[in-house]
Amino acid sequence: MVVYHLDSGNTHLLNPIAGQVLKLLADGPADATSIARQLAGQIDLESDAELDDNVAGLLSHLDSLGLIEPVPA
Amino acid sequence: MKLSQIEAGELRRALSTTGLRIRTGPFVCHVQSPFENIADGVQLFYKDFTCEAEGFADFHLKLIRPANLHRVWRPQVTCSLNDESPFSPLPSDQAFAVFESLLNWSIYTTTYNYLIIHGATVERNGFAAILPAPPGSGKSTLCAALVSRGWRLLTDELTLVSPASGLISALARPISLKNNSIDVLQDYAPQEVFGPKIYNTIKGTIAHMRPPSESVARMHEAAVPGWLIFPKYQMGSSTSVTPLPKGQAFMRLSSGLVNYPVLGAQGFEALTQLIDRTDCYNFTYSSLDEAIAWFGALQPPSQNAAER
């Protein structure tokens, strides 16, 4: 998936998982654990602590690119 | 009127005084120069183009002799766009190549109503094959070879994509061949018209190939993007083709676009549309015959808006 960031003018090529996470977040805010759970259901991944960590890392990376931002829980 | 209707002496006089306005695709280029090699080049390569003595022009190009001593012992050409000259003088025997580069630069730096891809584009049966590539990849060689075998020339250097329609506009200007590819093309397509070799330019030796009259006559026909093919000339290699995932094709194309950052979201949309409707390939070749055969067998694009 290719996305364009309006504010920075940057274009990003995302791998399928990152693309899927961005699509999930487009539906509304969610935390790493719930995203991991949804991902595990959609793409045949084991839902465990390692997946939660990877998703948290991915969210942090997407945040640093300005593609998502944290909201109050 | 057509440029070929102007007699040689008159053409030279016009260029050295009020200048000529030459239409190339969507642009009108007003050029003034006293150099005979520019007049000769314009007469040879732009004979089928229309020109006007007066009227609006998008670019005002001047290529003149600088006011210095070089004038006497090593003649130079200095050039300007719209009376601004950020360029260093160059030897005057390169004047026609300087004119071609200056016109490229003018289009590159002042055009924002098209997405500009650095690459050649040719068309057949209504679909355009875009050959984006850095210098040295053999895109001009391939472009010239395809044009000599019946493909319509849209452009050798600057591919103009309309963000509104997604179609590609033609410029139909001369093809600039460099170094070894000059002799290769002169052997491969002896029926085409080539200009004199211009030595010691910043890109080595350059010679131009005249655009076919039919391509020039059809320069106002935009073409539908069909294939996006990244060529790479590799000496001695066999022809090798690999489909390119659309996401990768997008990134590869966008990284080399001069005005993509300026166009912003509009550029992104235009590029998305372009990638969606084209089949994308990496194409390595060394044999022109094999390359032409492969292009000739291209099927119409599948136009699947696949997941990017």
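These values consider heavy atoms only, across backbone and side chains, with no hydrogens, waters or symmetry-generated copies. A note on names: the letters A, B, ... follow the listed sequences, proteins ahead of strands, and every chain is numbered from 1.
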Decide side-chain contact (heavy atoms from CB on, under 4.5 Å) for B/Phe268 and A/Val2; before the verdict, give the C-alpha distance in whole Å, the side-chain angles of both, and the deciding distance to 0.1 Å.
CA-CA 10 Å; B/Phe268 179 77; A/Val2 179; 3.7 Å; yes
Other residues, nucleotides and ligands only: do more than 12 of their heavy atoms fall within 6.0 Å of NE2 on A/His61?
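Counting neighbours around NE2 of A/His61, 12 or fewer heavy atoms of other residues, nucleotides or ligands fall under 6.0 Å, so no.
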Around B/Ile202, counting heavy atoms of other residues, nucleotides and ligands shown, do more than 12 lie under 6.0 Å from its CD1?
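Not buried by this count: 12 neighbours or fewer within 6.0 Å.
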Are B/Thr272 and A/Tyr4 linked by a side-chain donor-acceptor pair shorter than 3.5 Å?
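Short answer, no.
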Quick one: CZ on B/Phe250 to CG on A/Leu13, what's the gap to the nearest 0.5 Å?
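Going from the CZ atom of B/Phe250 to the CG atom of A/Leu13 covers 9.5 Å.
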With a 4.5 angstrom heavy-atom cut-off, could you sort out which part of A/His12 is near chain B: side chain, backbone, both or neither?
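For A/His12, the contact with chain B is made by the backbone alone.
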Would you mind listing every side-chain hydrogen bond (donor to acceptor under 3.5 Å, both in side chains) that reaches into residues 100-110 of chain B, with sequence neighbours excluded?
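Non-adjacent pairs meeting side-chain hydrogen bond (donor to acceptor under 3.5 Å, both in side chains): B/Tyr46-B/Glu100, B/Glu100-B/Arg173, B/Asn104-B/Arg173.
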Pairs under 3.5 angstrom only: tabulate donor-acceptor contacts from the side chains of residues 26-42 of chain A to other protein residues two or more places apart or in another chain.
{"unit_1": "A/Asp31", "atom_1": "OD1", "unit_2": "A/Thr33", "atom_2": "N", "d": "3.4"}
{"unit_1": "A/Asp31", "atom_1": "OD1", "unit_2": "A/Ser34", "atom_2": "N", "d": "2.9"}
{"unit_1": "A/Asp31", "atom_1": "OD1", "unit_2": "A/Ser34", "atom_2": "OG", "d": "3.3"}
{"unit_1": "A/Ser34", "atom_1": "OG", "unit_2": "A/Asp31", "atom_2": "O", "d": "3.3"}
{"unit_1": "A/Gln42", "atom_1": "OE1", "unit_2": "A/Gln20", "atom_2": "NE2", "d": "2.7"}

